[in-house]
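Heads up: the structure comes next, in structure tokens.
Letters A, B, ... are given to chains in the order of the sequence lines, protein chains preceding strands, and every chain is numbered from 1. Please read these numbers as outputs of a predicted model, since none were measured by experiment.
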Protein chains: 2
Amino acid sequence: MKTAVSPCPIEEAMVLLSGRWPTLLLYYLQPGPKRFNELRRDNPSISHRMLTLELRKLEAAGVVRRTAHPGYPLRVDYALTASGRKLVPLIDALGDWWSESAGERAAFVASA
Amino acid sequence: MKTAVSPCPIEEAMVLLSGRWPTLLLYYLQPGPKRFNELRRDNPSISHRMLTLELRKLEAAGVVRRTAHPGYPLRVDYALTASGRKLVPLIDALGDWWSESAGERAAFVASA
DNA sequence: CTCCGGTTACAAAAAAGTGCGTCATTTACT
DNA sequence: AGTAAATGACGCACTTTTTTGTAACCGGAG
């Protein structure tokens, strides 16, 4: 059994956001639309394959919108959608939580 | 190069929460402490190996606390820590966001 | 013999990295 | 002027790495 559809929105949201790229891409798209290779330069350690895959996933989830300008050297840009912009503060909150709870993690590590 | 430490708290938080188990476990621990096999029953599709691994990860991150009661049939329970409880509403917010943006995803899929 | 809460070793599956090709235009070299 | 190389945004195939599952084993009690 391949685990049927999960009735849990949290689980589905996490499937979308899992891994280190989705949230980072959201972060870099926050200032405004960016093009493919621009995103690669923002984050040199992602491979072009991963970048396309992640962007498609985010597009399918409706958090980014892909716009292809027809023309010469092929221009495409990616921008946050409305729901993508709503997602950003929630992700920021997770980052803040991690920073705030740094002390407790350190305490735990120190006590080990 | 194994990708040095990421200076980004969001990325680190997401590494912790990635996958479908961490948030689900947080969810099931929300009502109160639970024992190992209780968590397995809550979520039958997780393997006991994964459950131990995920619990250790969450423990190392300081979001759950493992308590072993010495005695007869070996009792261990897992409970949310303070930072774990702070994390719960943030995760819930992600679930809410997913539910709210369901319409936009549907629209996108329909337009394809 | 089974339950509880694991650990360890091995295997299967999934995710990610690498490199080549593409298409049309632009720039660079000689 | 002619050829070569680069750009932007990928797709495809192959390999490597990481994650997850499976199964067996542990110890002590009922």
Side-chain angles (χ1 to χ4, degrees), chain A residues 1-6 11-12 14-25 28-29 32-61 64-80 112, chain B residues 1-6 11-25 28-29 32-61 64-79 112:
Chain A
M1 283 131 202
K2 277 285 164 192
T3 312
V5 271
S6 71
E11 195 179 330
E12 298 187 28
M14 288 313 295
V15 166
L16 170 72
L17 300 175
S18 280
R20 41 188 213 128
W21 306 122
T23 50
L24 275 189
L25 294 180
Y28 284 119
L29 285 175
K34 292 220 174 157
R35 307 209 312 268
F36 188 84
N37 285 324
E38 229 172 331
L39 287 168
R40 291 205 62 189
R41 279 187 288 269
D42 283 338
N43 204 113
S45 59
I46 194 172
S47 65
H48 69 280
R49 182 174 167 277
M50 268 301 104
L51 184 53
T52 32
L53 289 175
E54 297 289 355
L55 285 172
R56 298 220 178 298
K57 192 171 69 172
L58 294 173
E59 193 192 359
V64 305
R65 180 174 29 247
R66 190 183 106 103
T67 316
H69 311 278
Y72 347 103
L74 222 329
R75 261 156 218 278
V76 179
D77 63 43
Y78 296 88
L80 292 180
Chain B
M1 284 129 203
K2 279 283 164 194
T3 313
V5 271
S6 71
E11 194 179 331
E12 298 187 27
M14 288 313 296
V15 166
L16 170 71
L17 299 175
S18 280
R20 36 186 217 127
W21 306 123
T23 49
L24 276 189
L25 294 180
Y28 284 119
L29 285 174
K34 292 222 175 156
R35 285 181 291 143
F36 187 84
N37 285 324
E38 228 173 332
L39 287 168
R40 290 205 62 191
R41 279 187 287 270
D42 283 338
N43 204 113
S45 60
I46 193 173
S47 64
H48 67 285
R49 182 174 166 278
M50 267 301 105
L51 184 53
T52 34
L53 258 45
E54 296 288 353
L55 285 172
R56 297 220 179 298
K57 191 171 70 173
L58 294 173
E59 194 192 358
V64 304
R65 179 173 30 245
R66 192 184 103 107
T67 316
H69 309 279
Y72 348 105
L74 219 339
R75 259 156 218 280
V76 179
D77 63 44
Y78 295 88

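A:Leu51 contributes atom CG, which lies 7.0 Å from atom CZ of A:Arg40 (distance to the nearest 0.5 angstrom). Here the CH2-OG distance, from B:Trp21 to B:Ser47, works out to 8.0 Å after rounding to the nearest 0.5 Å.
For the pair A:Glu54 CD and C:dA14 P, the computed distance is 17 Å after rounding to whole Å. At whole-Å resolution of the value, CG in B:Leu39 and C1' in C:dG5 are 12 Å apart. Residue B:Ile46 contributes atom CD1, which lies 10 Å from atom C1' of D:dT20 at whole-angstrom precision. At whole-Å resolution of the value, CG in A:Leu55 and C1' in D:dC10 are 11 Å apart. Rounded to whole Å, the distance from NZ on B:Lys34 to P on C:dC4 is 15 Å. If you measure from atom NZ of B:Lys57 to atom C1' of D:dT19, you get 10 Å, rounded to the nearest angstrom. Between B:Asp77 atom CG and C:dC4 atom C1' there is a gap of 13 Å when expressed in whole angstrom units. In this structure, CZ of A:Arg35 is placed 11 Å from P of D:dC10, rounded to the nearest angstrom.
At least one side-chain nitrogen or oxygen of B:Tyr78 sits closer than 4.0 Å to the OP1 or OP2 atom of C:dG6. The side chain of A:Asn37 contributes no N or O atom lying less than 4.0 Å from OP1 or OP2 of D:dT7. In terms of phosphate contacts, A:Arg20 brings no side-chain nitrogen or oxygen within less than 4.0 Å of OP1 or OP2 of C:dA16.
For the pair A:Ala61 and A:Leu16, the tightest heavy-atom approach, listed with the atom from each and the gap, is CB-CD1, 3.5 Å. The two residues B:Arg35 and B:Val76 come nearest to each other via the heavy atoms CG-O, 3.0 Å. The heavy-atom pair separating A:Tyr78 from A:Leu39 by the smallest distance is CD1-CD1, 4.5 Å.
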Residues B:Lys57, B:Glu54; criterion salt bridge (Lys or Arg N to Asp or Glu O under 4.0 Å); working and verdict: CA-CA 5 Å; B:Lys57 191 171 70 173; B:Glu54 296 288 353; 3.3 Å; yes

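When only modelled atom types and interatomic distance are considered, B:Asn37 and B:His48 share no side-chain donor-acceptor pair under 3.5 Å.
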For nucleotides 18-28 of chain C, which of its nitrogen or oxygen atoms have a protein nitrogen or oxygen under 3.5 Å away, and what is each distance?
residue: C:dG19; atom: O6; partner: A:His48; partner atom: NE2; Å: 3.3

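Here B:Arg56 lies in heavy-atom contact (under 4.0 Å) with sugar-phosphate atoms only.
Among D:dG8, D:dG11, D:dT20, the nucleotide with an atom closest to any side-chain atom of A:Thr52 is D:dG11.
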